[in-house]
Amino acid sequence: MNIYLQDGTVIDFEDNKPAFWHTASHILAQAVKNLYPNISLAIGPAIDNGFYYDFDADKHFSDEELSLIEAEMKKIVKAKYPLEKFSLPKSEALELMKNEPYKLELINELPEDVEITFYKQGDFVDLCAGPHLSNTKQVEAFKLLSCAGAYWRGNEKNKMLYRIYGTAFPKKAMLTEYLTELEEAKKRDHNKLGRELKLFATDEAVGQGLPLLMPKGAKIIQILQRWIEDLEEEHGYVLTKTPSMAKNDLYKISGHWSHYKDGMFIMGDEEKDDEVIALRPMTCPFQFAIYKQDQHSYRDLPIRYAETATLARNESSGEMHGLIRVRQFTLADGHIICTPEQLEEEFKNVVDLIQYIMKTIGIDKDISYRFSKWSPNSKGKYIDNPEAWENTQSIMKNILDHLKLNYKEADDEAAFYGPKLDIQFKNVHGKEDTIITVQIDFALAERFNMSYIDANGEKKIPYIIHRSSLGCYERTLAMLIEKYAGAFPTWLAPVAVKVLPISDKYADYAADVCKALKSKKILVEVDHRAEKIGYKIREARNERIPYILVVGADEMENKTVSVRSRQKGDEGVQDLTAFVNRVANEIATKFNYHDHITNTFTAKK
RNA sequence: GCUGUUAUAGCACAGAUGGUAGUGCACUACAUUGGUAGUGUAGAGGUCACGAGUUCGAUUCUCGUUAACAGCUCCA
């Protein structure tokens, strides 16, 4: 689908969506200005799936008003305004935008000597670097999707503006297709599907960000946890169990008290009480305390501590989201204490283990790597030691390059004590979250006075790698729900087989079948109520149970089972023993339905 | 924390411009003993999120609280 840019070039829509969406955002701004001349314009960029424009409106746009704005946009498209580019020196640019305070702020930040570019369509002019389409008529299909508050320049201390989100396409059919995909994606939303499948629930009286894991959700987490704890042991980790809370003295040493106090649940009052206890937001200081119980030789290192650690973080009220952002969660946590020489090898092993785990749970193709660095400009957010930051970051970058990881760098995203390798996953709404992080810590070992004796008998400060293997169980479960649209691989499914007798006559045989399945540790659920068999099968399918076993008899009165697998439909009469072995094998080998699922459930990009 | 939307039975939804609530599916009992949401009969289930105000009377109007959702900010 060709589109035409303002400078005369012809380019494919797929390759140049930002210019297209950016023009659409100008049309939105023009429409809003036409309808509400007193509203000030802020900014209106293209984003991943469309565009938005921020307005200083002192009002919220209702659905009816959004419809009116859409109608006005339609007029602008129909008017076929050509876009004209022109530039002005700074003084004239300020004069032109004198009634737009946000534009003035932007212009004032530009250097004195540059020519400032504007785009004009009809009588509407906007400050903009471009590029843009040649004519508004190209934006044939568009839709305003939502309206939300957003801080000016993303800073919560600034005024909250009103943001209108929208998307646009050169053809109506493309818009319809996109909106359909959006609807399909919403059906996979873990927050909806996870509740429907009875994996988790929330309760008003329990509180925000405190999801209840229902039996089925808890089962999945138990399967993952048993697997991860065994796997870590195989990889040389030793398990620790440390308290969920500690005196604030501990957090003062770690720096959490000065860097993370607002994020903690604190019991007691520093002013009044002798002792103040806080729930732990991280496991680090506890495992460090374990390390310090002994004097260590360089021969002992590396020491790899692992812990299935329940953590509590006092997130602000608007930040909670399903299982992705919660106030209490359980992290497959761990810390490796090693010598500088061992650092690279240990880091590599951590990444190898993570990659193996991601592949096993089937999301290795869905993750991306982010190298999260500090920012010298964010004073107070990080431990103040620029030299150590630069040094550790260069070590980490070297390791990442040796590993040939395809990562992108992000400034101002580090932990307060060191740079991170973050493993990112996009949810169905396209929002990216970190599921796993690996960090190199240059600061805490010294603060905690941790040491080892090197080959020369000298006391040295070790390096610490903070790492997770699976991330936090709740968030990972959320990602898996969305990845598989609730249709988990057999080994992860909370119910692998549902047994449905076609008639009460076969209840005994159904019990035998269950016994045979259970003897191989297959998770099985049986419905003893034979009536409404059709409904029961449909229900089991909606629950995305991997195998539905319809138990009955053929005309010869031989007992038989008829297997319906979620992926392949009815497989007819099967030998029970063969079936049991097959399911047991899928569980034992962690067989993954990834390819089937992609065909069946993943919406097209 | 900020902006906005929302809250009626297990689920999906109706409803009255203020007079204490309905439908479908699910659920329970009985009959039908059957094959991909079978049929019939009967039945149970709701302080209409919570608290205050206005009113003769509030599930409905007003205010507050809590929770859920979308986004911003912050984060695993």
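Protein chains get the first letters and strands the later ones, always in sequence-line order, with residue 1 at the start of each.
Contact check, A/Lys420 against B/A76: a side-chain N or O comes under 4.0 Å of OP1 or OP2. OP1 or OP2 of B/U66 has not a single side-chain nitrogen or oxygen of A/Gln208 nearer than 4.0 Å. For the pair A/Arg538 and B/G35, the criterion of a side-chain N or O lying under 4.0 Å from OP1 or OP2 is not met. Look at A/His321 and you won't find any side-chain N or O under 4.0 angstrom from OP1 or OP2 of B/G71. Taking side-chain N and O atoms only, A/Ser146 has no distance below 4.0 Å to OP1 or OP2 of B/G71.
The listed nucleotides are B/G1, B/U66, B/C72; the one nearest the side chain of A/Glu204 is B/U66. With distances taken from any side-chain atom of A/Tyr165 to the nucleotides B/G35, B/C72, B/U3, the minimum falls on B/C72. Of the listed nucleotides (B/U3, B/A68, B/U73), B/U73 has the atom at the smallest distance from the side chain of A/Glu319. Side chain of A/Lys536, nearest nucleotide from B/C75, B/C27, B/C72: B/C27. Taking only side-chain atoms of A/Glu315, from C-beta outward, the nucleotide of B/U3, B/A76, B/U73 with the closest atom is B/A76. Distances from the side chain of A/Glu156 to the nucleotides B/C75, B/U73, B/C72 place B/U73 closest. Taking every side-chain heavy atom of A/Thr437 into account, B/A76 is the closest of B/C2, B/G35, B/A76. Side-chain proximity of A/Asn191 to B/A76, B/C72, B/C69: nearest is B/C69. When the nucleotides B/C69, B/C72, B/C25 are ranked by their closest atom to the side chain of A/Tyr535, B/C25 comes out on top. Side chain of A/Lys198, nearest nucleotide from B/C2, B/G10, B/C75: B/G10.
Of all nucleotides present, only B/A52 satisfies the Watson-Crick or G-U wobble test against B/U62, with each distance under 3.5 Å. Searching all strands for a Watson-Crick or G-U wobble partner of B/G71 with both distances below 3.5 Å returns B/C2. Judged by Watson-Crick or G-U wobble contacts below 3.5 Å, the nucleotide B/C25 has B/G10 as its partner. B/A37: no Watson-Crick or G-U partner with both key distances under 3.5 Å is found in any strand. Under the Watson-Crick or G-U wobble criterion, with both distances below 3.5 Å, B/U47 is left unpaired in every strand shown. If you check B/U17 for Watson-Crick or wobble pairing at under 3.5 angstrom, you find it has no partner at all.
To the nearest angstrom, P of B/C75 lies 12 Å from CZ of A/Phe416. Separating the CD1 atom of A/Ile502 from the P atom of B/G38 is a distance of 14 Å, rounded to the nearest angstrom. To the nearest angstrom, P of B/C69 lies 20 Å from CG of A/Leu145. Rounded to whole Å, the distance from CG on A/Asn314 to P on B/A76 is 15 Å. One interatomic measurement links the two molecules: CD1 of A/Ile436 to P of B/C75, which rounds to 20 Å at whole-angstrom precision. The NZ-C1' distance, from A/Lys261 to B/C75, rounds to 20 Å in whole Å. Summarising the geometry, the separation between CE on A/Met320 and P on B/U73 is reported as 17 Å, rounded to the nearest angstrom. At whole-Å resolution of the value, CG in A/Leu212 and C1' in B/A68 are 14 Å apart.
Summarising the geometry of A/Ser468 relative to A/Leu331, their closest heavy-atom pair is OG-CD1, 4.0 Å, with the distance given to 0.1 Å. What you find for A/Ile354 and A/Val438 is that their closest heavy atoms are CD1-CG2, 3.6 Å.
Between the P atoms of B/U5 and B/A9, the separation comes to 23 Å (whole Å). Comparing B/G45 with B/A21, their P atoms sit 14 Å apart, to the nearest whole Å. For the P atoms, the distance linking B/G53 with B/A12 amounts to 33 Å, nearest Å. The P atoms of B/U60 and B/C48 are separated by 9 Å, rounded to the nearest whole Å. Nucleotides B/A70 and B/G24, compared at atom P, are 32 Å apart to the nearest Å. Separating the P atom of B/U8 from that of B/C2 is a span of 25 Å, rounded to the nearest Å. Comparing B/G64 with B/A7, their C1' atoms sit 16 Å apart, to the nearest whole Å. As rounded to the nearest Å, B/G46 and B/G10 have C1' atoms that lie 12 Å from one another.
At a threshold of 4.5 Å between non-hydrogen side-chain atoms, the residues A/Tyr52 and A/Pro45 count as touching. By the 4.5 Å heavy-atom criterion applied to side chains, A/Trp152 and A/Asp54 are not counted as neighbours.
At a threshold of 4.0 angstrom between heavy atoms, the contacts of A/Ser468 with the nucleic acid are absent. Note on A/Arg163: only backbone sugar-phosphate atoms sit closer than 4.0 angstrom, heavy atoms only; bases stay farther off. At a threshold of 4.0 angstrom between heavy atoms, the contacts of A/Gly154 are confined to the sugar-phosphate backbone, with no base atom among them. A/Cys147 comes within 4.0 angstrom of nothing in the nucleic acid, heavy atoms only. Within the nucleic acid shown, A/Ile324 comes within 4.0 Å of at least one base atom, counting heavy atoms only. Within 4.0 Å of A/Gly149, counting heavy atoms only, lies at least one base atom of the nucleic acid. Nucleic acid contact for A/Phe329: base, since at least one base atom lies under 4.0 Å from a heavy atom of the residue. If you check every strand for non-hydrogen atoms under 4.0 Å, A/Asp189 touches sugar and phosphate atoms only. Residue contacts for A/Lys381: at a heavy-atom cut-off of 4.0 Å it reaches the sugar-phosphate backbone alone, with no base atom in range.
Ion pairing between A/Lys159 and A/Asp56 holds under the 4.0 Å rule for side-chain N and carboxylate O. Between A/Arg153 and A/Glu105, at least one side-chain N (NZ, or NE/NH1/NH2) sits under 4.0 Å from a carboxylate O, which counts as a salt bridge. We find that A/Glu543 and A/Lys536 are not joined by a salt bridge, their nearest charged nitrogen and carboxylate oxygen being 4.0 Å or further apart. A salt bridge links A/Arg325 to A/Glu315: one of the charged nitrogens lies within less than 4.0 Å of a carboxylate oxygen. In this structure, A/Glu432 does not pair ionically with A/Lys426, as no charged nitrogen and carboxylate oxygen lie closer than 4.0 Å.
For B/G1, the base has a donor-acceptor partner in the side chain of A/Tyr151 [N/O atoms by modelled type, under 3.5 angstrom]. In this model, no side-chain donor or acceptor of A/Glu196 finds a partner on the base of B/A12 within 3.5 Å. The base of B/C74 sits with one of its N or O atoms less than 3.5 Å from a complementary donor or acceptor on the side chain of A/Arg325.
Each of A/Ile537 and A/Ala205 has a nearest nucleotide on RNA chain B; the 5'-most of these lies closest to A/Ile537. Residues A/Arg195 and A/Ser317 each lie close to RNA chain B; by heavy-atom proximity, the contact nearer the 5' end of the strand is made by A/Ser317.
Residues A/Tyr417 and A/His466 place their aromatic rings such that the two centres sit under 6.0 Å apart.
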